[in-house]
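Just below is one structure, and these are the notes that go with it.
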2 protein chains.
Amino acid sequence: MALKEKTNSETCGVTACMKVLDGKWKPIILFNISKGANRFTKLLVAVEGINRQMLSKQLKQLEKSGILERTTFAEIPPRVEYAITPLGKTLLPVVLAMKRWGDKQTGANKVKTPPKDKFLQQAQLFD
Amino acid sequence: MALKEKTNSETCGVTACMKVLDGKWKPIILFNISKGANRFTKLLVAVEGINRQMLSKQLKQLEKSGILERTTFAEIPPRVEYAITPLGKTLLPVVLAMKRWGDKQTGANKVKTPPKDKFLQQAQLFD
DNA sequence: CGGTATCCTCAAAGATACTG
DNA sequence: CAGTATCTTTGAGGATACCG
C-alpha cells in the first residue's frame with residue numbers, strides 16, 4: 001500500500017511501525033515464525049492464503065528491514081531457515097497485541113495458546 | 001492490501017486485526033483521535049500527508065467497523081465529531097504498541113529526529 | 001466546515017510457469 | 001526444497017473540482 005516516504009513521515013512512531021509492517025502479510029508471517037514456522041514451506045502452509053512469490057517478497061522485505069535473518073544450509077535438498085532478529089523481537093508485542101485483539105473479537109482460542117512462545121509473553125501494554 | 005475475505009482468513013486473530021486496521025492510515029488516525037483530534041479538519045492537519053477524501057474514506061471504514069462513532073451537530077457552520085467507541089478503545093493497545101515501537105526506533109522524544117529512513121539499520125537496540 | 005464526485009496512476013497482490 | 005520470472009488485475013491512494 002504504498003507507504004512512500006514523505007519528508008514528514010516520521011511525525012509519529014506509528015507511521016514508522018506501519019512502514020516496517022507494511023502490507024497485508026508481514027504481521028501474520030512474523031507471528032507464525034515466532035510460533036516455530038521457520039522454513040519457507042512451513043510458512044507457506046501456516047500463512048493461509050499466501051503464495052510462493054508473495055511470501056518470498058515479504059520475507060525479503062522483512063530481511064531488509066532487519067526484522068528477519070535468513071540462513072541457508074548448503075545441503076541436498078537445500079534448507080533455509082528464518083529467524084527473528086533482536087530487532088524483530090521488539091516488534092512481537094505489536095503482533096501479539098494484534099493477535100489478542102483479533103482472537104477476542106472472533107471469540108477464537110478460548111483455550112488460549114499453549115505457551116510455547118516464551119518471548120511473546122511480554123506483550124501486555126496495559127490490559 | 002485488499003484483505004479480501006477468504007474462508008480461512010480467520011485462522012489467526014492477527015488477520016482479523018489487520019482487516020480492521022487495513023491500509024496506510026487507520027492506526028495513525030486512531031492514534032490522533034485518541035489524542036483529541038476529534039474533528040475532520042483537526043485530523044486533516046494532525047495526520048500529515050493525508051487529504052480530504054482519503055481521510056473521509058478511512059473514517060467511513062472505521063465507522064463501519066464499529067471503531068469510530070460519528071456525531072453530527074446541525075449548526076452553522078456544521079460540526080462533526082468523531083469518537084472512539086468502546087470497541088475502538090480495545091484497539092488502542094495495538095496502536096500504542098506500534099507507537100512505542102516506532103518512537104523507540106526513531107529515537108523520538110529524544111530530540112534525535114531525522115535519520116530519514118535509516119532507522120531500519122540499527123539492528124541492536126538492546127543488549 | 002465537512003465533506004462528494006470524478007478521474008488517474010502506480011504498486012500491491014495474484015496467477016502461472018519455470019529453476020538450481 | 002526454496003525459490004524466480006513474467007504477466008495481469010485490482011484497488012488503495014492521490015489530484016482536482018464542486019457542494020450543502
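Chain naming here is simple, since letters A, B, ... match the order of the sequence lines and numbering starts at 1 in each. Nothing here was measured: the structure is a model prediction, and the numbers come from that model.
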Options C/dC1, D/dC1, C/dA13, nucleotide nearest the side-chain atoms of A/Pro77: D/dC1

Taking CD1 from B/Ile76 and P from C/dC1, how many angstroms apart are they, rounded to a whole number? 13 Å

Identify, between A/Lys60 and A/Pro78, the residue whose nearest nucleotide on DNA chain D lies closer to the 5' end. A/Pro78

Rounding to a whole Å, what distance do you find between B/Leu55:CG and D/dG14:P? 12 Å

Under 3.5 Å, is there any donor-acceptor pair linking the side chain of A/Gln53 to the base of C/dA15? yes

Can you check whether A/Arg39 has a side-chain N or O nearer than 4.0 Å to OP1 or OP2 of D/dA2? yes

Residue-phosphate contact under 4.0 Å: A/Lys57 side-chain N/O, D/dT4 OP1/OP2: no

Within the structure shown, what part of the strands sits under 4.0 Å from B/Phe73 by heavy-atom distance: base, sugar-phosphate, or nothing? nothing

Between A/Arg52 and B/Lys42, name the one whose nearest nucleotide on DNA chain C is closer to the 5' end. B/Lys42

Using a heavy-atom cut-off of under 4.0 Å over every strand shown, decide if B/Gln61 touches base, sugar-phosphate, or nothing. nothing

Find the distance A/Lys19:NZ to C/dA12:C1' and express it as a whole number of Å. 17 Å

Rounded to the nearest angstrom, tell me the gap between atom CE in A/Met18 and atom C1' in D/dG13. 13 Å

Atom-pair distance (CH2 on B/Trp25; C1' on D/dG14), nearest Å: 10 Å

Mind calculating the distance between CG (B/Leu44) and P (D/dG14) to the nearest angstrom? 13 Å

Of the nucleotides C/dA13, D/dG13, D/dA15, which one has an atom closest to the side chain of B/Asn51? D/dA15

Rounded to whole Å, please give me the gap between CD1 in B/Ile29 and P in D/dA12. 14 Å

B/Arg39 and B/Tyr82, any side-chain heavy atoms less than 4.5 Å apart: no

Quick one, A/Phe73 and A/Val80 - any side-chain contact, counting heavy atoms below 4.5 Å? no

Between A/Leu30 and A/Leu68, does the side-chain contact (heavy atoms from CB on, under 4.5 Å) criterion hold? Intermediate values first, please. CA-CA 9 Å; A/Leu30 229 43; A/Leu68 291 183; 3.9 Å; yes

For the side chain of B/Val80, starting at C-beta, report the closest nucleotide among C/dA15, C/dG2, D/dT4. C/dG2

Below 4.0 Å: OP1/OP2 of D/dA2 and any side-chain N or O of A/Thr72: no

Which of B/Val47, B/Leu55, B/Leu62 passes side chain to side chain contact (heavy atoms under 4.5 Å, CB included) with B/Trp25? Answer is B/Val47

Between A/Ser65 (side chain only) and A/Val20 (backbone N and O only), is there a donor and an acceptor less than 3.5 Å apart? no

How many Å lie between CD1 on A/Ile28 and P on C/dA13, as a whole number? 14 Å

